[in-house]
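Order of the sequence lines sets the chain letters (A, B, ...), proteins ahead of strands, with each chain counted from 1.
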There are 2 protein chains.
Amino acid sequence: MYTEKEIKEKLRNKGLKITPQRVAVLNAVYTLNNHPTAQHIMDFVHKKYSNVSAGTIYKTLDTLVEKGMITKVRTTHDATRYDGRTENHHHLYNNENNSIEDYINKKLDLMLDVFFKENSIPGYEISSIDVHINGKYQKGVE
Amino acid sequence: MYTEKEIKEKLRNKGLKITPQRVAVLNAVYTLNNHPTAQHIMDFVHKKYSNVSAGTIYKTLDTLVEKGMITKVRTTHDATRYDGRTENHHHLYNNENNSIEDYINKKLDLMLDVFFKENSIPGYEISSIDVHINGKYQKGVE
DNA sequence: ATTCTTGCAAAGCATTTGCACCCTG
DNA sequence: CAGGGTGCAAATGCTTTGCAAGAAT
């Protein structure tokens with residue numbers, strides 16, 4: 001996907017020291033393009049560098065996320081949360097205080113429904129759609 | 001939110017045995033209506049029944065989810081996943097084989113953008129929207 | 001040389017499991 | 001009384017942390 005030279009260049013551009021571990025981790029994320037877990041990445045890296053520790057993999061991934069070079073997909077540093085509601089609804093994720101609020105809007109549901117009928121994904125059968133709205137309340141409101 | 005009688009009725013309707021633990025857990029989920037974690041629920045339950053164990057709380061929550069009486073919000077049965085892409089995009093969650101695929105559709109982004117401009121949430125500033133599309137591939141396709 | 005990065009091992013959490021005992025229907 | 005539910009404690013799995021040793025600029 002990217003040459004070693006390009007990967008080093010990317011790291012340098014972000015002001016990061018170039019280490020074999022970082023090059024290997026970033027290369028792994030690019031190569032394993034199917035949303036790898038830290039474990040997948042570790043396994044891949046270990047093929048070449050069998051001595052890279054788990055701690056380093058995690059720290060490196062955190063660093064790369066911080067620098068905006070990669071993203072976390074199903075980010076969940078907090079515990080699973082439960083909800084008494086069972087009808088379809090969406091959520092407002094407030095990153096400031098780590099709270100979650102329900103967001104219910106029939107117009108949105110209808111619009112998504114129509115959209116995915118008109119733009120169906122070949123061979124894919126949708127069972128539900130959950131919209132995660134990330135953001136925060138403006139000061140003084142809420 | 002619900003009387004004890006109503007909660008017991010709900011449990012009975014699902015064919016579950018009525019135990020003080022189950023009544024307490026379900027009541028906790030209804031009372032703590034701000035997406036409680038298992039820990040929040042445990043703390044709440046412990047105010048009345050200090051001897052309910054963590055294992056029971058988890059097992060009870062699982063049972064209630066199975067019966068469709070409550071839902072899990074940020075369901076995390078697997079590890080955090082990473083992605084080499086940084087541009088805004090959505091995801092297809094395949095529940096059958098636990099895989100995640102990117103879903104990129106500018107039309108969808110534009111539509112959501114327009115929607116939330118026209119239907120803005122008072123006092124709330126949206127930073128990003130992530131659409132989780134749950135479903136599966138029909139047999140033989142993919 | 002200085003600062004940042006790594007490896008290691010221990011610790012931290014959330015969650016799961018195994019099993020004997022206990023309670024509900 | 002039969003089948004399920006519970007408590008306890010140990011185990012698991014992912015991730016984080018502290019710190020001394022090592023490498024990059």
Check your understanding: With respect to the phosphate group of C:dG7, does any side-chain polar atom (N or O) of A:T56 fall under 4.0 Å of OP1 or OP2?
Key -> yes
Point to revise | Side-chain N,O (B:Y58) to OP1/OP2 (C:dT16) below 4.0 Å | key: no
Check your understanding: Where each residue is assigned the nucleotide of DNA chain D containing its nearest heavy atom, which of A:G55 and B:T60 is assigned the position nearer the 5′ end?
Key -> B:T60
Check your understanding: Atom NZ of B:K17 and atom P of D:dG3: how far apart are they, to the nearest Å?
Key -> 10 Å
**Study point:** Whole-Å gap separating P (C:dT15) and CE (B:M42)
**Key:** 9 Å
Review point. A:R22 CZ to C:dG7 C1': how many Å, rounded?
Key: 15 Å
Study note, to complete from the structure: When rounded to whole Å, the CD to C1' distance for the pair B:E66 and C:dT16 reads 14 Å
Revision key, fill the gap. Whole-Å distance, B:H40 NE2 to C:dC13 P, equals 14 Å
Exercise for review: Let me know the distance between NZ of B:K14 and P of D:dG4, rounded to the nearest Å.
Suggested key: 19 Å
Exercise for review: Starting from the 5' end of DNA chain D, give me the residue, B:G15 or B:A54, whose nearest nucleotide shows up first.
Suggested key: B:G15
Point to revise | B:L16 or A:P20, whichever maps to the more 5' nucleotide of DNA chain C | key: A:P20
Check your understanding: Any salt bridge between B:D113 and B:K117, counting N to O under 4.0 Å?
Key -> yes
Review point. For atom CD of B:E6, is the number of surrounding heavy atoms from other residues, nucleotides or ligands below 6.0 Å larger than 12?
Key: yes
Point to revise | Whole angstrom value for the distance that separates P of D:dG5 from CG of B:N51 | key: 18 Å
Check your understanding: How do B:I18 and A:K59 order along DNA chain C: which one's closest nucleotide is nearer the 5' end?
Key -> A:K59
Revision key, fill the gap. In terms of heavy-atom contacts, B:Y30 and B:M69 come closest through OH-O, 4.1 Å
Practice item. Let me know the distance between CD1 of A:I57 and P of D:dT17, rounded to the nearest Å. Key: 17 Å
Point to revise | Heavy-atom closest contact (B:Y103 atom, A:N119 atom, distance) | key: OH-O, 4.2 Å
Check your understanding: Between A:Q21 and C:dG7, is there a side-chain N or O to OP1/OP2 distance below 4.0 Å?
Key -> yes
Review point. Can you check whether B:T19 has a side-chain N or O nearer than 4.0 Å to OP1 or OP2 of D:dT6?
Key: yes
**Study point:** Basic-acidic side-chain contact under 4.0 Å: A:E4, A:K8
**Key:** yes
